[in-house]
Amino acid sequence: MTEIVIWLIAFALILFFSIKLWEATVSAALNKVVPRVIKSDDGNRWVWSVALAVLGATTLVRPIDMLLTLIVIALLGFVAWKLVCWAMGRANFH
């Protein structure tokens, strides 16, 4: 029960501050990180703020789970990248 309360408090605080500071810092930081196709505008403010709040609260409450998830995603991405490179090398484009 304590973990849920901590998660809800962290979620609410991160959501509040990301919406409050959207124009000053959050939007500029996201525009530097994300590709041009999904750059943020005012319509995406709520989507990005909720996503950041969920990720931030989960990272605060369960940091090891998030770290292991990131490691698994990185390994899957690396394997997929190597598989694509291998397939492109074997492909005959003549």
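Since the model is a prediction, treat every value here as computed from it, not as a measurement. FYI, the numbering just counts along the sequence from 1.
- For Ile6, the side chain to side chain contact (heavy atoms under 4.5 Å, CB included) test picks out Thr2, Val61, with sequence neighbours left out.
- Through side-chain heavy atoms spaced under 4.5 Å, either directly or across other Ile, Leu, Val, Met, Phe, Trp or Tyr residues, Ile14 is tied to Leu60.
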Notebook entry, point to check: Stepwise, does the side-chain contact (heavy atoms from CB on, under 4.5 Å) test hold for Trp48 with Val26?
Noted result: CA-CA 9 Å; Trp48 281 108; Val26 179; 6.0 Å; no
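- Screening residues 71-93 for salt bridge (Lys or Arg N to Asp or Glu O under 4.0 Å) gives no qualifying pairs among residues at least two apart or on separate chains.
- Cluster partners of Val79 are absent, since no Ile, Leu, Val, Met, Phe, Trp or Tyr has side-chain heavy atoms less than 4.5 Å from it.
- Cluster membership for Leu8 and Phe16, using ILVMFWY side-chain heavy atoms within less than 4.5 angstrom, is not shared.
- Counting heavy atoms of neighbouring residues, nucleotides and ligands inside a 6.0 Å radius, atom CG of Leu75 exceeds 12 of them.
- Residue Leu13 is not grouped with residue Leu21 when hydrophobic side chains (ILVMFWY) are merged at heavy-atom distances under 4.5 angstrom, including chains of intermediate members.
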Tell me which donor-acceptor pairs under 3.5 Å the side chains of residues 64-72 have, and how far apart each pair is, sequence neighbours excluded?
| residue | atom | partner | partner atom | Å |
| --- | --- | --- | --- | --- |
| Asp65 | OD2 | Arg62 | NH1 | 3.2 |
| Thr69 | OG1 | Asp65 | O | 2.7 |

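- Looking at residues two or more places apart in sequence or on another chain, you find a side chain to side chain contact (heavy atoms under 4.5 Å, CB included) between Trp81 and Cys85.
- Here the side chains of Trp46 and Ile19 are in contact, with some heavy-atom distance below 4.5 Å.
- In this structure, CZ on Phe78 lies 11.5 Å from CG on Leu83, to the nearest 0.5 angstrom.
- With rounding to the nearest 0.5 Å, the separation of CZ in Phe17 from CG in Leu52 is 14.5 Å.
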